[in-house]
Amino acid sequence: MLDIRKIDQDPETFQSRLAARGSDLSLSEVTTLSKRRRELIVRTEELRHQKSATESSMKTADKKGPEFATFRDQMRELSKEIKELAHTLKDVEEQLNAAVLQIPNLPDEDLPVGNSDTDNRAVRDEGTKPSFPFTPKEHWELGEQLGYLDFERAVKVAQSRFSVLKGPLARLERALIQFMLDLHTETHGYTELLTPFLVNYDSMQGTGQFPKFKEDAFILERDQLALIPTAEVPVTNLHREEILNGAEMPIRYTAYTPCFRREAGSYGRDTRGLIRQHQFQKVELVQFVRPEESDAALEQLTSHAEEVLKRLGLHYRVMLLCTGDLGFSAAKTYDLEVWLPGQNAYREISSCSNFRDFQARRAGIRYRPEPNAKPQLCHTLNGSGLAVGRTLVAILENYQNEDGSITVPEVLVGYMGGKTVIK
RNA sequence: GGAGGGGUGGCCGAGCGGCUUAAGGCAGCGGUCUUGAAAACCGCCGUAGGUUUAUCCCUACCGUGGGUUCGAAUCCCACCCCCUCCGCCA
């Protein structure tokens, strides 16, 4: 959520910066409602002031005298008027709030301006593409040939876009989760969390999924809960409506969760394989930091996600997203794209974003810089560290052998019970 | 799911129609004292909104939303959450 007062001060600047990310949203509704809101507040406060003055006169007045009766009639009038104004004010505030919640975050100034992923800027790449003396296969082919990846039975059990991993591939998924969590907790200093996988609507609004992207979520209407689309939701909302202790910042959390997405609007894309599923597993990194530290924190958090790829020996590149490709809540995002030789393409495996105070304002996440100082909004960041299913895909495709077997990356051998080859 | 009890500032906790400007305590911050620290004493110390250069000032907030009343933290209703017991259960 953007700062309404800042929009009031300079709507033109906001309008033009929002235009950079392709939003043609008009801010005039916001400024109009905001003005109306202030007028109503001033008027109700005047009346309330009168009311409390009258009330204290009544305390001492003779309860049976004619004076008391006059006061009582005045109070009756005032109360009625205040009640009406309060209702109108509430109405206006709800409209204003609803309007502001629809507005995406402002992109940072240093982003490439563009409309789509073709305008993203490659920042760096690490590692090298492996070469194969044979034509590398795609992961779904490898997995199904090995008999450890089953899409057909997943349809029977659930629906399309679900999958079943079996035997060594199920273990590989678990090994990856364990490996990532160990790295982030033991080397990068994150605290591990295991959170609810269902969250309430307030949480979904706090991180920006609701109200605008409600159709993308799996919702349990009866219980007023949503399946989490990412661990970002329960982890960031952990501190919703809290004032954090500045001395304990930055706060860094990592959490493994399954993630559930309807993938509405992506029909026909990536229908084959594990790339785009309704359920996938992910290890997430989340940070709560002081505003002045968030730029550095994004670089650091991104490097933490990259470290996973480096240790797994996977070639990847880092893309700085252009203004038009930015997610709703993000001010700046780096995507990590891993090389998939079977698909002969780079695919997104992590997305690391700085949300500045956008989520913090929605969710009321503040901190006290010094004891007794005024609370202020903190900055939130998060990134995948990494998407586990896509990491498994990358291992299958990059570590495949001509006979269809898969070499286990060295760092995972211990997590695989000593197994060095999946066949 | 059923019965009972309860939600008051960062925490504990009093208040149960107008003497609340939400007592008191703890924690925190500043000061006196001290070689230093502790203790003691003194002072400050909730959040948000409006106004303002700023101070000031004003208004709201006692789980949430309604209602009763001239007036609600206080009475009534609904909902949410927590605790205890029962039921169910990995």
Side-chain angles (χ1 to χ4, degrees), chain A residues 1-9 30-101 194-206 210 219-226 234 237-249 251 258 288 357 360-378:
Chain A
M1 187 158 84
L2 298 174
D3 188 340
I4 295 171
R5 270 177 298 187
K6 287 195 179 140
I7 296 175
D8 279 340
Q9 280 164 17
V30 170
T31 49
T32 307
L33 285 167
S34 174
K35 186 163 171 256
R36 176 113 177 85
R37 170 177 165 275
R38 255 176 285 123
E39 289 163 359
L40 286 165
I41 287 173
V42 169
R43 180 71 187 133
T44 35
E45 289 196 353
E46 272 169 20
L47 292 175
R48 279 180 167 140
H49 189 51
Q50 276 183 46
K51 185 180 148 188
S52 58
T54 310
E55 190 186 339
S56 53
S57 307
M58 289 181 77
K59 275 194 285 197
T60 50
D62 174 12
K63 302 250 185 315
K64 296 202 172 65
E67 213 188 22
F68 190 86
T70 313
F71 282 142
R72 194 186 53 211
D73 292 345
Q74 280 176 16
M75 285 287 274
R76 213 173 251 151
E77 269 310 300
L78 282 168
S79 294
K80 191 174 157 232
E81 204 175 334
I82 289 168
K83 193 175 267 182
E84 279 165 13
L85 276 172
H87 276 115
T88 313
L89 176 61
K90 198 183 160 198
D91 221 57
V92 168
E93 284 187 326
E94 272 169 16
Q95 287 175 46
L96 178 61
N97 203 32
V100 178
L101 285 174
L194 201 143
T195 70
F197 301 158
L198 299 178
V199 294
N200 56 36
Y201 295 177
D202 282 346
S203 293
M204 291 292 272
Q205 181 173 297
F210 283 10
I219 293 174
L220 287 78
E221 186 78 37
R222 185 177 160 192
D223 300 287
Q224 296 284 290
L225 293 168
N237 281 284
L238 195 71
H239 294 303
R240 178 154 46 83
E241 304 299 335
E242 285 187 24
I243 299 171
L244 303 168
N245 181 353
E248 286 161 21
M249 311 252 293
I251 295 172
F288 301 81
D357 62 13
R361 186 172 292 107
R362 285 185 161 234
I365 307 167
R366 292 171 295 168
Y367 76 104
R368 211 180 288 281
E370 302 295 333
N372 289 0
K374 276 259 166 224
Q376 53 177 288
L377 294 169
C378 52

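Computed from a prediction, not measured in an experiment: that's the story for all the values here. We use all heavy atoms of the structure for the numbers below, so side chains are in, but hydrogens, waters and symmetry mates are not.
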Rounded [atom1] spacing from [N] to [M] in Å:
N	M	atom1	value
U59(B)	C19(B)	P	14 Å
A73(B)	U20(B)	C1'	10 Å
G46(B)	C29(B)	C1'	15 Å
U68(B)	C76(B)	C1'	7 Å
C85(B)	C75(B)	C1'	29 Å
U55(B)	C61(B)	P	24 Å
G24(B)	C41(B)	P	15 Å
A60(B)	U53(B)	C1'	26 Å

Whole angstroms only, please: what is the [atom1]-[atom2] distance between [X] and [N]?
X	N	atom1	atom2	result
D8(A)	G50(B)	CG	P	9 Å
N200(A)	G63(B)	CG	P	20 Å
Y201(A)	C79(B)	OH	C1'	16 Å
E241(A)	U64(B)	CD	P	12 Å
E81(A)	C70(B)	CD	C1'	16 Å
R361(A)	G49(B)	CZ	P	10 Å
I243(A)	C11(B)	CD1	C1'	13 Å
R72(A)	G18(B)	CZ	P	19 Å

With heavy atoms under 4.0 Å as the rule, sort K80(A) into base, sugar-phosphate or nothing.
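Result for K80(A) = nothing.
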Just to be sure I understand the rule, does S79(A) reach a base, reach only the sugar-phosphate, or reach nothing, if contact means heavy atoms closer than 4.0 Å?
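Sugar-phosphate: the residue S79(A), judged by heavy atoms under 4.0 Å, touches backbone atoms but no base.
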H87(A) or R366(A), whichever maps to the more 5' nucleotide of RNA chain B:
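So the residue in question is R366(A).
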Quick one: on RNA chain B, does Q74(A) or R38(A) contact a more 5' nucleotide (nearest heavy atom)?
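Taking each residue's closest nucleotide, the earlier one in sequence belongs to R38(A).
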Look at the side chain of [X] and decide which nucleotide, out of [options], has an atom nearest to it.
X	options	answer
K51(A)	A72(B), C58(B), U47(B)	A72(B)
M75(A)	U47(B), C58(B), G71(B)	G71(B)
H49(A)	C58(B), G46(B), G49(B)	C58(B)
K374(A)	U68(B), G50(B), U47(B)	U47(B)
I41(A)	C58(B), U47(B), G50(B)	G50(B)
V42(A)	G50(B), U47(B), G71(B)	G50(B)
P375(A)	A72(B), A48(B), C70(B)	A48(B)
E45(A)	U47(B), C70(B), G50(B)	G50(B)
R76(A)	C70(B), U59(B), G66(B)	C70(B)

Contact summary for [X] and [Y], nearest pair of heavy atoms:
X	Y	value
R240(A)	S203(A)	NH2-OG, 2.9 Å
L220(A)	Y201(A)	O-OH, 4.3 Å
C378(A)	A360(A)	O-CB, 3.1 Å
D8(A)	S34(A)	OD2-OG, 2.5 Å

Whether the D91(A) and T88(A) side chains hold a donor-acceptor pair (N or O, under 3.5 Å, no angle test) is what I'd like checked.
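No, no side-chain donor-acceptor pair sits under 3.5 Å.
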Using a cut-off of strictly less than 4.0 Å, decide whether R368(A) has a side-chain nitrogen or oxygen near OP1 or OP2 of U47(B).
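Result: yes.
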Below 4.0 angstrom from OP1 or OP2 of G49(B), is there any side-chain N or O of R5(A)?
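For G49(B), OP1/OP2 do have a side-chain N/O of R5(A) under 4.0 Å.
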Pair assignment for [N], Watson-Crick or G-U wobble, requiring both distances under 3.5 Å:
N	value
C61(B)	G46(B)
A39(B)	none
A22(B)	none
U84(B)	A3(B)

Distance in Å, T44(A) OG1 paired with H87(A) NE2, rounded so as to fall on 0.5 Å steps
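Here the interatomic distance stands at 13.0 Å.
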Decide, yes or no, whether a salt bridge links K51(A) with E81(A) under the criterion of side-chain N to carboxylate O below 4.0 Å.
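So K51(A) does not pair with E81(A) through a salt bridge.
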Salt bridge between K80(A) and E77(A), side-chain N to carboxylate O under 4.0 Å?
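Salt bridge between K80(A) and E77(A), a charged N being under 4.0 Å from a carboxylate O: no.
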